[in-house]
Amino acid sequence: MKPAEHVVRLRAEVVRHNEAYYVHDAPTIPDADYDALVRELRELEEAHPELADEQSVTHKVGAPVATTFSAVTHAEPMLSLDNVFDVAELRAWGDRCAKGLELAPSDLVLAVEPKIDGLALSILYVDGALTRAATRGDGRVGEDVTENVRTIRNVPPVLVDRGSGRVEVRGEVFLAKSDFDDLNARQRGLGEREFANPRNAAAGSLRQKEPSVTASRALSFLAYQLVEPAGAPSFDSYLDTIAQLSQWGFLTAPETTREVGVEDVIARTDWFEAHRHDLGYQIDGVVIKLDDLALRARLGFTSRAPRWAIARKLPPEERTTRLVAIEVSIGRTGRATPYAVLEPVVVAGSTVSMATLHNQDQVAAKDVRPGDLVIVRKAGDVIPEVVGAVSEAGRRRKSAWRFPTKCPDCGGPLERVGEESDTYCVNPACPAQQLAQFVHFASREALDIEGLGEQRVVQLLAEGLVDDVADLFNLRVEDLSSLEGLGELSATSLVGAIQAAKSMPLSRVLVGLGIRHVGPVAARELATASGSYTALAGASLEELEAVNGIGPVIAQSIFDYCHDEEAARRIASFAAAGLSLEEPRVASTVDQTLFERAVVVTGVVEGYSRDGAEAAIVARGGTSPGSVSKKTYCVVVGESPGASKVAKARDLGVPLVPASEFETLLGSGSWSTTLS
Ligand code: IVH
């Protein structure tokens, strides 16, 4: 394609996406794909200056206003922000700023704050009273949404100390993550369309004809700009204006910090990247702004964005890719989960080639079909999911996907029970279920049997060495000699790991059994309250319901399990094999030195097994999660530690405590040296 033609085509495409995003609040592609298009266009325009055009979308902000609302001309244009996508680009921006101001990049004083994924709003206060509110629109002319904004609970109708004259407060309207989840749950309940993400939900909620609808939507507003009348500035520093906004009663971003020098800014943006999922609102980047307002004036603006601010975009959590096929996998309870087989795509930093579609209703609601271009989302540690299909004009789609009626593994019937959205393979002898049960039984949160992963279980089942999880405990080293790829040494350690699991407390056994609705928390409560399986099985429904945190659904489920004949046989085999089936009481003589503290152990701590170290922490009131987060109290580093855990701890500033300090930690809750 000739560059001229390519430019025209790209411009048309961007205009189309702008309209979908800004006018209809219904984007057709993920932001990351949109950014890539704009970038391609901009690079092409730069490489071919003869094709540049003042009217090109690359010089514009947003989109023209819809006709539903009356137009408001902004006294000062509402601009956008330029983006950088990595640290090198951020440094280059810092260098440009510094050069323009004849300063060193290390001397720049910058505010660093979250880039909230909502929509920009301008609110005008006259003599302290909310007078008019407008969306950004195309940056010059926005839409009058005053009555709707009056319904936003955290927008002050009058400023706390009133003041006189005109002030304009700009910021972002957004839906907190929890409010977004509530809204979608409500939409689902009403059989209404769910919103793709908090931004669309916020935009759709603000731009309602009927203010009462906006009022029902739990919108929030966060202020990040004070526009003072020209000629009479009362502030020198941006952060001072933010403090003023906060005093007037506006929400401002609590995560905002003041940094000196671009390197510290980079460190802070890394912090935002590591913590994006811990914030109450969705962010798509970090905004960096020069603090000194006089210096800002010296740098000025381009046609669409200020030179004194920049947005560092975070790795996209949504991308588009081709849906190759839809398949169904069978879990340990027989639940048949549809999942998408995808053309591999990098999302949030890792390659995704499969994504869940949750259940039959979700596939139908999203109407995704093999061959479609689909949006894939992966947020943090969450399993990747397919959000929906992207419409492609002129492309013939395959017919709608039909949920299979037979189990892909055993061929037994797949059934939907009652009102539930889930479909189950109801054949209790289904090999896929059996496999998933074994894998779950041996998993870290259950009996934690090292060396017993899916591959190994497949072999054991195929060789007929086990049929029920209880059979594991009778395995001998010589039984395993027939297994391919398993030497004498590994066989010995596998049998050792299985034997060691016999001393696991009842709570872990309960988790391993995979009783419906009984997760690790409920299992621990039930086990602690009863003390032994015998006592648990003897409890009445009322007694079970009286246990802390146990509601009628869990109580019924555990009650049914304890009165099931097959379950009784399995428990009897456990007992015969020597499992304790008891929950040791936490000795009250142990000081709770780690009360409510999360201590992660990585590598081998001398004198302790993996579970032994964990048990010692738990006995002192702490927890020992498998991964490091900002809530982690410290990480104990033993022999051959996990590199990623250590790196993450360093990243988050979590103390690294050498294993030689483990006893001190248990005894006092603190340590005397850390690793750097
Ligand atoms: S400052 C002239 N600060 O991002 C500077 N914008 O991509 C104008 N946004 O239109 C914006 N969080 O809707 C600024 N902390 C923040 C922001 C923020 C989100 C939005 C805003 C803006 C868009 C630019």
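All figures in this text were calculated on a predicted structure; none of them were measured in a lab. Whatever order the structure lists ligands and atoms in, that order sets their numbers, starting from 1.
Here is the list of ligand 1 atoms found below 4.0 Å of a heavy atom in R136: 10 (O), 22 (C). Annotation for ligand 1: atoms under 4.0 Å from non-hydrogen atoms of S80 are 7 (O), 24 (C). When each atom of ligand 1 is checked for a heavy atom of E172 under 4.0 Å away, the hits are 9 (N), 13 (O), 19 (C), 20 (C), 21 (C).
Comparing heavy-atom distances from atom 23 (C) of ligand 1 across E76, K115, R199 singles out K115 as nearest. Closest heavy-atom approach to atom 11 (C) of ligand 1 within the set Y281, W308, Y224: this belongs to Y224. Nearest to atom 15 (N) of ligand 1 by heavy-atom distance, out of E113, R170, Q225, K289, is E113.
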Run the numbers on F250 and Y125 for ring pair (Phe, Tyr, Trp, His ring centres under 6.0 Å), then give the verdict. CA-CA 13 Å; F250 291 97; Y125 287 85; 5.7 Å; yes

Test side chain to side chain donor-acceptor pair (under 3.5 Å) applied to E255 and T257, step by step: CA-CA 6 Å; E255 301 85 9; T257 57; over 6 Å; no

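Taking any N or O of L119, backbone or side chain, none lies under 3.5 Å from an N or O belonging to ligand 1.
Screening E45, E40, E5 against R11 for a salt bridge (Lys or Arg N to Asp or Glu O under 4.0 Å) leaves a single residue, E45.
Side-chain contact between L295 and L103 is present, with heavy atoms from C-beta onward closer than 4.5 Å.
By the 4.0 Å N-to-carboxylate-O rule, E317 lies close enough to R276 to be salt-bridged with it. Under a 4.0 Å N-O distance rule, the pair E147/R207 does not qualify as a salt bridge. For the pair D270 and R312, the salt-bridge criterion is met [side-chain N within less than 4.0 Å of a carboxylate O].
Residue-ligand proximity: G118 is placed with every non-hydrogen atom at 4.0 Å or more from ligand 1.
Residue contacts with ligand 1, taken as heavy atom pairs separated by less than 4.0 Å, do not involve A311 at all. Counting heavy atoms under 4.0 Å from ligand 1, residue L81 touches it through both backbone and side chain.
Scanning the protein heavy atoms around atom 2 (C) of ligand 1, the nearest turns out to be P306 CG, 3.6 Å. Of the protein's non-hydrogen atoms, the one nearest atom 8 (C) of ligand 1 is L79 O, 3.8 Å. Ranking the protein heavy atoms by distance from atom 12 (N) of ligand 1 puts I116 N, 3.1 Å first.
When atom types are taken as modelled, the side chain of Y238 and the backbone of Y224 share a donor-acceptor pair closer than 3.5 angstrom. Between the side chain of N154 and the backbone N or O of F221 there is at least one donor-acceptor pair closer than 3.5 Å.
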